[in-house]
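Reviewing the structure listed below.
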Amino acid sequence: MIQTQNITYTIGDKIILDDISVTFNPGNLNLIIGPNGAGKSTLVKVICNQIKAKEGWVQYGSENLADMTVSQLAKIRAVLSQNIELAFPLQVSEVVMMGRYPHFSVKPTEKDKTACEEAMRFFDVWEMANRDYMTLSGGEKQRVHFARVVAQIWYPPENNMGRYLVLDEPLTFLDVHYQFHFMHKLLELLNQKDIVVVGVVHDLNLAAKFADHIVLLDHGKLLAAGSKEEVLTKENIKTAYRLEPIIHSEKESMYLFFE
Amino acid sequence: MEKASSRYKGIFPVLSVVLLIIVLLSIRYGAVSITLEDMVSAFQKHLSGEQGLNLTERIFMEIRLPRAILCIFVGASLAVGGALLQALFRNPIVEPGLVGTSCGAAFGAALYFALGATFNFNVGEYTLPLAACLGAICSTALVFFLSQSKQTGKSSVVTLLLVGIAINALFLSGVGFLSYIARDPQARSIIFWNLGTLSGANWPAVIIVGISTITCLVISLRYAKHLNALMIGEEEAQFIGVNLKSLKWKILLINVIMVAVATAFVGVISFVGLIVPHLLRILKGSDNRFLILNSAVLGGVLLCLADLLSRMLLRPAELPIGIVTSVVGVPIFIILLRKKNYFF
């Protein structure tokens, strides 16, 4: 599990994150939502050790994030963000193999190659292993990166540390087909492997459909956390987004409309 | 998967054979032709400690051979420097002199040429390389110092690049000023040095440049994987275990040593560092583990070839090598660039 305790982050006098304590459990699809400027990305950056919180701490399982090195962290935690552009042309398989970089020193082992192959098959990019990454479409590129980050944590680590996947708005530039495709793939992955998944999404209906646990941020504060029924209420959404939603429930599914 | 790693195989042996052939040709031809027999007999006499090499054998042992080997090391240094900096800056237009190294060397050399005779600070044979090397180190240090952010103490790669370009302009105008106030012969020396020359090649130069090239090459191979990771972005590289700050300083240091030492002995040779890594990427791919090692060999090939042409085209006069590297390199570069769909 990932746990944040009293995280506060400020830039000058401006409070970006205000005393955020949340827990993300394995086996759940944990999604962070909130309006622009709510502090979602900042929270993810703190969790990923990209920036240091002014106060509070983050724990991965029983380890304190502050005590972990970059390479220790890379062995157990993968991160995917939106819109990754390559500086130089590479083949798809070379990009996916980067996910295994934390696990070998010079040459990839058979285990690394197997992890890449299985992750690539899982995201249907095995067929394009030898293609030039630059020639792929946006959706194909993101499939390659999903394969890369999943290959990074394909096997459980030796020290029983758990495995963590952080997704920073990886679906933002994708069409609805790919958004659903990746959400289903993530659920499939959660069923097979014991992984903590934390993601930021913009689309409230995506969160309503797929999330097991939702964290709603607003102006750097934790507005609500819990199941979708607990978080996606009329009052919460109106407070955060300043728009009144119409919530329609049908066969255990929730749909949100705005007028 | 197998295909991806095996596509890089075969290039290194082929390039090594090409290098050997070019080196032999470059020794063979020149103002005086040297046959294979001359080379063999010179080696035999040298190994047996026998005195009395004839003129051709002496030209081989004391001029052509050190010159050819120096070409290999200098070409390797510049090309590897280019590969390292392009990877570090994630930018295809970077060349190894861009962080201030070559312009500082040029300024140091210009100071020596313009003022050395007047103030008599000649301290022997190595005054010029020493002045150039000191100039290179000073200007690069200045670029690093100025690109540090006041608030965070961090230096962003883009800031480094911009400060590098600014310092380049400053030092080159310094070189321009020095050639303006210098007397004609000195001004010509400055111009020639900025186009590169290998005519001063000797064994001590070979040994010094060789040690720096080989050491830096071996060390930089250790960071090839980390440089690969940088291709998907600075943040993403950190997510897959790269300690960005320490990598940045190590790569910049390796590059400065290599380029400063090489430039100090032969002058400014541009373009090799820019195109060699691109040629290899176009031919095979961008994996830095492949790129760094093979850039060293192809850099050597290109510079040896350019040196041979620079001595042959206007025999017995010698063209500055910097002119030839561009004339040889640019057409190959443009043809490959247009033939393959190599784009960013």
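In this text, all values refer to a predicted model and were calculated from it rather than measured experimentally. Hydrogens, waters and symmetry mates are skipped; everything else that's a heavy atom, side chains included, is used. Below, read A as the first sequence line, B as the second, and so on, with proteins coming before strands; counting in each chain starts at 1.
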Modelled atom types, side-chain donor and acceptor of [X] and [Y], under 3.5 Å:
{"X": "A/Asp132", "Y": "A/Thr135", "answer": "no"}
{"X": "B/Thr159", "Y": "B/Ser147", "answer": "no"}
{"X": "A/Glu117", "Y": "A/Thr114", "answer": "no"}

Practice task
Report, by ascending residue number, the residues of residues 219-237 of chain B in heavy-atom contact with chain A at a distance under 4.5 Å; give 'none' if the set is empty.
Solution key: B/Lys225, B/Asn228, B/Ala229, B/Met231, B/Ile232, B/Glu235, B/Glu236
Practice task
Flag this pair as yes if the NZ/CZ of B/Lys284 is under 6.0 angstrom from the six-membered ring centre of B/Tyr8 and inside a 45 degree cone about the axis; otherwise no.
Solution key: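 No cation-pi geometry.
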Handout entry: Under 3.5 Å donor-acceptor, B/Ser139 side chain and B/Gly100 backbone
Key = yes
Exercise for the section: Give a yes or no on whether the backbone of B/Leu274 and the side-chain of B/Gln86 come within a donor-acceptor separation of less than 3.5 Å. Expected result: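 Checked: pair present.
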Compare every heavy atom of [Y] with every heavy atom of [X], then report the nearest pair and how far apart it is.
{"X": "B/Gly273", "Y": "B/Pro96", "answer": "CA-CD, 3.6 Å"}
{"X": "B/Phe144", "Y": "B/Leu160", "answer": "CD2-CD1, 3.9 Å"}
{"X": "B/Ile292", "Y": "B/Val80", "answer": "O-CG2, 3.5 Å"}

What part of [X] gets closer than 4.5 Å to chain B, counting heavy atoms only: side chain, backbone, both or neither?
{"X": "A/Val106", "value": "backbone"}
{"X": "A/Leu73", "value": "neither"}
{"X": "A/Ser105", "value": "backbone"}

Exercise for the section: Give the ring-plane orientation class for A/Phe104 versus A/Tyr101, where under 30° counts as parallel, over 60° as perpendicular and anything between as tilted. Expected result: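 Taking A/Tyr101 first and then A/Phe104, their aromatic rings stand perpendicular (interplane angle over 60°).
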Practice task
Indicate the ring-plane relationship of A/Phe123 and A/Phe182, choosing parallel, tilted or perpendicular according to the 30° and 60° boundaries.
Solution key: tilted
Completion exercise
Answer key: most heavy-atom pairs under 4.5 Å with chain B among A/Ala74, A/Ser71, A/Ala78 is A/Ala74
Handout entry: Heavy-atom pair count under 4.5 Å with chain B, highest-scoring of A/His103, A/Glu85, A/Lys75, A/Gln72
Key =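 The option with the most such pairs is A/Glu85.
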Problem - Within residues 141-156 of chain A, residues adjacent to chain B where the heavy-atom gap is under 4.5 Å - result: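 Listed by number: A/His145, A/Arg148, A/Gln152.
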Problem - Side chain proximity check, A/Asp203 to A/Gln179, heavy atoms < 4.5 angstrom - result: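 Yes, at least one pair of side-chain atoms sits under 4.5 Å.
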